[in-house]
Amino acid sequence: MNKETITGAEALMRALVNEGVTTIFGYPGGSIMPVFDALYDYTRGEKKAFNHILVRHEQAAAHAAEGYARVSGNVGVCLVTSGPGATNTLTGVADAMMDSTPMVVIAGQVGVGVLGTDAFQEVDLVGVAQPISKWSYQIRRPEDVAWAVSRAFYIARSGRPGPVVLDFPKNAQVHTTEWQPKHVDFVRSYMPYPKLNLEAVAKAADIINNAKKPLALVGQGVELGNAQNELVDFLEKADIPAARTLLGLSALPSNHPLNMGMLGMHGNYAPNVKEQECDVIIAIGMRFSDRVTGLQSTYAKQAKIIHLDIDHSEIDKCIKTDVAVIADCKESLPAITKLLNKAEHREWRDSFAKYDEMERKQVIEPAIHPTEGPLLMGEVVNAVAEATKGEAVLVTDVGQNQMFSSRYFKYHRNRSIVTSGGLGTMGYGIPAAIGATFGAPERTVCMFCGDGGFQMSIQELGTIMEQQAPVKMILLNNNYLGNVRQWQDMFFNRRKSFTKMLNPCYEQVAAAYGIEYQAVTEREQLQDAIKRMLNTDGPFIMECAIKEDDNVLPMTPPGKSVDEMLLEI
């Protein structure tokens with residue numbers, strides 16, 4: 001039987017179909033035109049397999065692919081051209097690497113024959129991307145397309161997920177090969193799922209069974225491993241209070257009785273204090289970021305540390321571990337749970353309440369239920385959270401808007417927070433929210449953004465307009481780069497160096513893109529505006545005039561121990 005002869009571009013289409021891809025975020029250009037020509041037939045007619053979303057900037061393609069991946073659990077895909085098209089995606093690649101987001105970037109490249117000659121729009125993408133991706137590879141021949149694509153998706157989605165970059169020279173796109181599908185499920189020297197060490201499991205269980213003050217730290221690894229149910233079984237059997245990292249916020253429902261709040265620099269007071277009092281820490285799918293630990297030399301010196309993680313490189317990287325259980329937490333959690341004694345730690349759990357009450361009185365109530373003065377970020381977030389009843393997807397940009405929204409939103413469903421954690425990428429919010437609407441079309445997507453981050457990706461309102469992506473955009477406008485302004489006030493003698501923003505008329509911007517808009521300048525307008533926003537079928541911008549010097553509290557100052565949190569400034 002004769003095999004079919006096709007171009008490398010056509011082979012790419014077929015390979016993506018074989019990987020189950022349905023959505024691609026992209027932007028065409030010279031070195032990727034053969035692929036976009038092949039894509040034409042795969043977005044219409046009998047061959048239709050993909051929905052291609054034309055973004056307005058390649059960085060947005062990467063962030064949209066991230067948003068799509070984070071809410072769907074599938075690999076996000078973006079398709080761009082060479083040179084600046086490829087380098088524009090690299091912020092998104094680095095972001096995905098830091099936050100363990102599965103993504104495949106396919107970039108055009110100049111032909112193999114002119115590589116190394118500084119040809120028009122030539123960049124050594126493989127070399128540039130290598131340190132910030134799980135794998136980067138140049139497909140030089142059309143016969144390698146099927147293998148490279150299958151390998152890329154296997155690496156991106158397996159083990160600890162992350163981004164893969166494929167560099168696709170033009171000659172490999174246009175030359176022909178006999179089509180032969182490939183399926184890669186093994187790469188020599190790559191072990192995405194370490195074998196569970198039962199001795200380590202037994203040691204961990206023994207330490208937990210003898211603990212008087214255990215504390216679980218829940219990270220995004222729980223959601224990446226689809227181990228939310230296993231987590232609840234573990235916590236409930238041993239009666240272990242738990243705190244969540246920023247990226248792990250929706251791994252445990254907000255209203256679960258063992259949920260003690262958010263960890264970190266702007267997390268909740270009680271779990272941050274209690275990290276310095278507990279006798280055992282069980283870290284599950286988290287990496288002991290400096291934003292969680294504060295001053296690492298003083299962090300939890302009194303506690304034994306049990307670290308559950310799929311990635312061996314995270315063990316002892318930041319915090320010395322007493323027992324490491326290196327495996328997928330969907331496997332390690334139930335293995336430990338099986339060996340646990342049914343326990344009750346009521347006195348220890350109840351000891352969190354004093355600190356909760358201090359934070360509620362000094363920080364939370366004034367932030368979400370003010371009685372006078374300008375609108376506050378916390379009250380806006382809280383009002384949207386109550387209106388969506390914990391069912392919506394939260395997408396944030398970066399800055400004060402991120403900290404306020406992550407703190408005061410409610411999470412009752414898995415995969416409900418999309419935010420740039422490790423890299424802290426301003427401009428992430430709008431494109432990531434676009435991706436989230438395609439990854440979870442049945443859910444409401446609420447995107448909180450400051451005026452600075454909004455303008456970093458304002459061009460993506462064009463993508464929203466074209467796609468009618470139903471993003472509910474809550475623009476928290478304080479006319480400042482708020483987070484930097486807060487640090488300037490606290491640590492730089494209030495010298496506000498280039499943080500004041502001159503903003504455009506967002507009402508006119510919304511009108512230009514045909515997006516429904518409402519301004520909220522008075523507290524009395526907020527509830528009606530939220531109701532209108534949520535009842536609007538398509539996209540909506542709700543701009544809120546926020547107090548200029550609103551500050552995120554509590555806060556652990558840089559260089560301080562995690563329990564040295566400030567409840568007031």
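Because the structure is predicted, anything quoted here is derived from the model rather than measured.
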Keeping [X] on the side-chain end and [Y] on the backbone end, is there a donor-acceptor pair under 3.5 Å?
| X | Y | answer |
| --- | --- | --- |
| S289 | R291 | yes |
| N478 | K547 | no |
| T536 | G538 | no |
| Q276 | V273 | no |
| E66 | G76 | no |
| K134 | P163 | no |
| Q468 | M465 | yes |
| N477 | A545 | no |

Side chains of [X] and [Y]: do they bring a donor and an acceptor to under 3.5 Å?
| X | Y | answer |
| --- | --- | --- |
| S416 | S250 | no |
| E236 | H256 | yes |
| T101 | D99 | no |
| D95 | T425 | yes |
| Q488 | T499 | yes |
| N268 | R244 | no |
| N503 | N479 | yes |
| S351 | K274 | yes |
| Q486 | Q400 | yes |
| D397 | Q402 | no |

If you count heavy atoms of other groups shown closer than 6.0 angstrom to [atom1] of [X], is the number above 12?
| X | atom1 | value |
| --- | --- | --- |
| E372 | CD | no |
| F491 | CZ | yes |
| Y27 | OH | no |
| D537 | CG | no |
| K317 | NZ | yes |

Which atom names give the shortest non-hydrogen contact between [X] and [Y], and what distance separates them?
| X | Y | answer |
| --- | --- | --- |
| L553 | L567 | CD1-O, 3.6 Å |
| Q455 | M501 | NE2-CE, 3.5 Å |
| L376 | P366 | CD1-O, 3.4 Å |
| A383 | L526 | CB-CD2, 3.8 Å |
| T293 | V562 | O-CB, 3.4 Å |
| I474 | C446 | CD1-CB, 4.1 Å |

Please determine whether a side-chain nitrogen of the Lys or Arg among [X] and [Y] lies less than 4.0 Å from a carboxylate oxygen of the Asp or Glu.
| X | Y | answer |
| --- | --- | --- |
| E357 | R360 | no |
| E516 | R532 | yes |
| K500 | E548 | yes |
| K496 | D489 | yes |
| R56 | E466 | yes |
| R346 | D350 | no |
| R413 | E391 | yes |
| R415 | E223 | no |
| D279 | K213 | no |
| E386 | K410 | no |

message: Once ring-ring contact (aromatic ring centres under 6.0 Å, His included) is applied, what residue pairs with a partner in residues 434-474 remain, sequence neighbours excluded?
response: F454-Y506
message: With a 6.0 Å cut-off on the ring centroids, do F288 and H307 count as close?
response: yes
Result of checking [options] against [X] for side chain to side chain contact (heavy atoms under 4.5 Å, CB included):
| X | options | result |
| --- | --- | --- |
| V363 | M565, M555, E568, R407 | R407 |
| I530 | V520, V384, V380, N535 | V384 |
| L263 | L217, L249, L215 | L217 |

Roughly how far, to the nearest 0.5 Å, is the [atom2] atom of [Y] from the [atom1] atom of [X]?
| X | Y | atom1 | atom2 | result |
| --- | --- | --- | --- | --- |
| I282 | L235 | CD1 | CG | 8.5 Å |
| E58 | T91 | CD | OG1 | 11.5 Å |
| C449 | M473 | SG | CE | 10.0 Å |
| R157 | L224 | CZ | CG | 14.0 Å |

Considering only heavy atoms from C-beta outward, does the side chain of [X] approach that of [Y] to under 4.5 Å?
| X | Y | value |
| --- | --- | --- |
| C78 | H63 | no |
| V292 | M286 | yes |
| L231 | I284 | yes |
| T463 | L54 | no |
| I546 | D451 | no |
| L295 | T298 | yes |

task: Show the numbers, then the answer: is there a side chain to side chain contact (heavy atoms under 4.5 Å, CB included) between C318 and D290?
output: CA-CA 8 Å; C318 298; D290 58 296; over 6 Å; no
message: Apply side chain to side chain contact (heavy atoms under 4.5 Å, CB included) to residues T419 and V395 and explain how you reach the verdict.
response: CA-CA 6 Å; T419 190; V395 182; over 6 Å; no
field: Set of side-chain contact (heavy atoms from CB on, under 4.5 Å) partners for M456, sequence neighbours left out
entry: M426
- request: Please lay out, stage by stage, how H266 and L246 fare under the test side chain to side chain contact (heavy atoms under 4.5 Å, CB included).
  value: CA-CA 10 Å; H266 291 295; L246 175 65; over 6 Å; no
- request: Could you please spell out the steps behind the side chain to side chain contact (heavy atoms under 4.5 Å, CB included) verdict for I430 and V471?
  value: CA-CA 8 Å; I430 295 176; V471 182; over 6 Å; no
